[in-house]
Amino acid sequence: MSESRLNIKQVLLTAVITCVFAVVAGVGTYILTTKEAELTYSLSSGPALSAEGIHKKIFLIEINNSGRKEVSDVIASVKVANGNIVEASREMALGIQATENRTQNEYSLNCKSLNPKEKVSISILAEVPTPEYTPIFSVRGKGVTGEEKYQSSKVKSPLAFLLAGVVAGLLGFITSANPFIRKILKFTPVPLFARAFFRSGSMVGPFERNELVAYILGVCSLKEQSDRIRFSPSEISYRGATDYLANEAVAASPNERSKFMSALKCFLLIKKINPASLDVIKSTLKLLVQVNDAEIDKIQKQAVHEDVDPVKLRNRIANLADESKQSRNVTNNSN
């Protein structure tokens, strides 16, 4: 009798385990094989240029098929209420079929289809009622509505920094007290990692970041702006520096404007920048000089950690600034 009860328990247990694994396998297979449609978009703008009560502003909209399924009949529309669209342009990969329609205050783009990871960019130069104005924008496709993509900076836990500080303090005490351990650690990457951590983007002192930004402005022939940053009594972020350069560039002549854009390109060579600040740098370059993603990716592939090899970083910054300078000279000579 006891043996039959044991067999029943074994059968039930086997059945339950089999059922659980069947459910887990089914859910996993569904997640891996099911293709979901998803459209995301981001809207950014440059600084407003105001004169005699007229405000002109550039807007950049990027539509991205961020899902795993083709989306057909993608329609993106921009409406500038109480304003006027002066110029409009689009950028997309070869092979994407699209038609556009434009009125005085509205622009729409209809893409026949977007494959996964494909994206379309729309640039709008518009007269707007106020410098802070944001146009009405919508994007939708067959069976899916676009969602705005928000970028948020990652906030590191204060507890993590506290624990890291304690560990670093103990390591410092041990290595300073014992010459043999100090000799061993000399040939390990520990000092390199520790130095890189404590001088990460959020831990760099105010004047260290200011000095790097000032150096970039200096090699890009922006001496006045370089001195202003270098001798500033307060810290400047990469995002703040980008906004500052964008405002200066809008009011500058075309030749001078290229110097500011050269400086922004040099920012892309810095390996450790907050993702949200990096997005601001990229969107500003696209807005003011129509830099495409391919050029941005090419520069970013040369990025260097400032804490790991500051000399290499500065050499690459100087080389990129020199290339931009030679390009300006060629353009000026041809004119």
Side-chain angles (χ1 to χ4, degrees), residues 39-64 74-92 96 98-111 119-140 145-151 222 225 239-265 276-277 279-293 295-296 328 331 335:
L39 278 177
T40 57
Y41 68 88
S42 61
L43 174 64
S44 56
S45 62
L49 182 60
S50 303
E52 299 179 357
I54 298 177
H55 313 288
K56 289 187 178 181
K57 204 170 183 179
I58 300 176
F59 300 96
L60 176 67
I61 304 102
E62 289 190 345
I63 304 100
N64 182 31
V74 178
I75 302 174
S77 61
V78 186
K79 185 175 182 180
V80 183
N82 301 321
N84 179 34
I85 295 179
V86 181
E87 295 290 343
S89 64
R90 65 189 186 188
E91 181 184 351
M92 62 187 69
I96 298 179
T99 57
E100 56 186 347
N101 184 35
R102 174 180 164 185
T103 62
Q104 182 177 356
N105 63 352
E106 190 169 355
Y107 176 87
S108 63
L109 184 67
N110 189 340
C111 299
K119 64 181 178 180
V120 176
S121 299
I122 301 174
S123 299
I124 301 289
L125 172 62
E127 293 180 357
V128 294
T130 63
E132 300 81 16
Y133 179 82
T134 300
I136 302 170
F137 179 71
S138 65
V139 59
R140 65 186 303 274
T145 303
E147 296 183 358
E148 186 168 5
K149 180 181 70 173
Y150 296 96
Q151 297 289 343
L222 296 169
Q225 289 77 11
R239 193 184 314 180
T242 301
D243 292 338
Y244 167 64
L245 293 178
N247 287 325
E248 292 283 304
V250 168
S253 64
N255 183 54
E256 288 294 311
R257 184 177 303 167
S258 63
K259 297 179 182 179
F260 292 101
M261 295 305 100
S262 173
L264 286 179
K265 289 180 182 179
S277 298
D279 285 341
V280 172
I281 296 170
K282 292 179 180 179
S283 64
T284 302
L285 283 168
K286 292 178 181 179
L287 285 166
L288 295 180
V289 289
Q290 300 293 310
V291 176
N292 56 39
D293 290 321
E295 185 176 354
I296 289 175
R328 287 197 302 271
T331 303
N335 293 334

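Taking the side chain as every heavy atom from C-beta outward, T284 and F260 never approach each other to under 4.5 Å. Residues F59 and V128 form a side-chain contact, since some pair of their non-hydrogen atoms from C-beta on lies under 4.5 Å apart. D293 is listed as a side-chain neighbour of K119, based on a closest heavy-atom distance under 4.5 Å. Between R140 and L39, every side-chain heavy-atom pair lies at or beyond the 4.5 Å cut-off. With a 4.5 Å cut-off on side-chain heavy atoms, L285 and K282 do not count as touching. Contact annotation: the side chain of I63 approaches that of I122 to within less than 4.5 Å [non-hydrogen atoms, C-beta and beyond]. In this structure, E148 and F137 have side chains that are not in contact, with every pair of non-hydrogen atoms separated by 4.5 Å or more. Side chains of I124 and P135 form no contact here, defined as non-hydrogen atoms less than 4.5 Å apart.
Using modelled atom types, one side-chain atom of K57 and one backbone atom of P131 make a donor-acceptor pair closer than 3.5 Å.
Closest approach of E106 and S77 over heavy atoms only: OE2-CB, 4.4 Å. Closest heavy-atom contact between I85 and N105: CD1-C, 3.7 Å. Minimum heavy-atom separation, R239 to A276: NH2-CB, 3.4 Å.
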Point to revise | Step-by-step side chain to side chain contact (heavy atoms under 4.5 Å, CB included) determination, E248 to L222 | key: CA-CA 11 Å; E248 292 283 304; L222 296 169; over 6 Å; no
**Study point:** Stepwise side chain to side chain contact (heavy atoms under 4.5 Å, CB included) check, L109 with M92
**Key:** CA-CA 11 Å; L109 184 67; M92 62 187 69; 4.0 Å; yes
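The CD atom of E87 lies 11.5 Å from the OG atom of S123; values are rounded to the nearest 0.5 Å. A distance of 4.0 Å separates OG1 of T242 from CD1 of I281, quoted to the nearest 0.5 Å. Atoms CG and CD1, on N110 and I75 in that order, are 4.5 Å from each other to the nearest 0.5 Å. Distance OG1/T40 to CG/N64: 4.5 Å, rounded to 0.5 Å.
For the side chain to side chain contact (heavy atoms under 4.5 Å, CB included) test with I61, the passing option among V139, V78, V120 is V78; the others fail.
Salt-bridge formation is detected for the pair E62/K286: a Lys NZ or Arg NE/NH1/NH2 atom is positioned less than 4.0 Å from an Asp or Glu carboxylate oxygen.
For K56, the NZ atom counts as loosely surrounded, since its 6.0 Å shell holds 12 or fewer non-hydrogen atoms of other residues, nucleotides or ligands. Counting heavy atoms of neighbouring residues, nucleotides and ligands inside a 6.0 Å radius, atom CD of E100 exceeds 12 of them.
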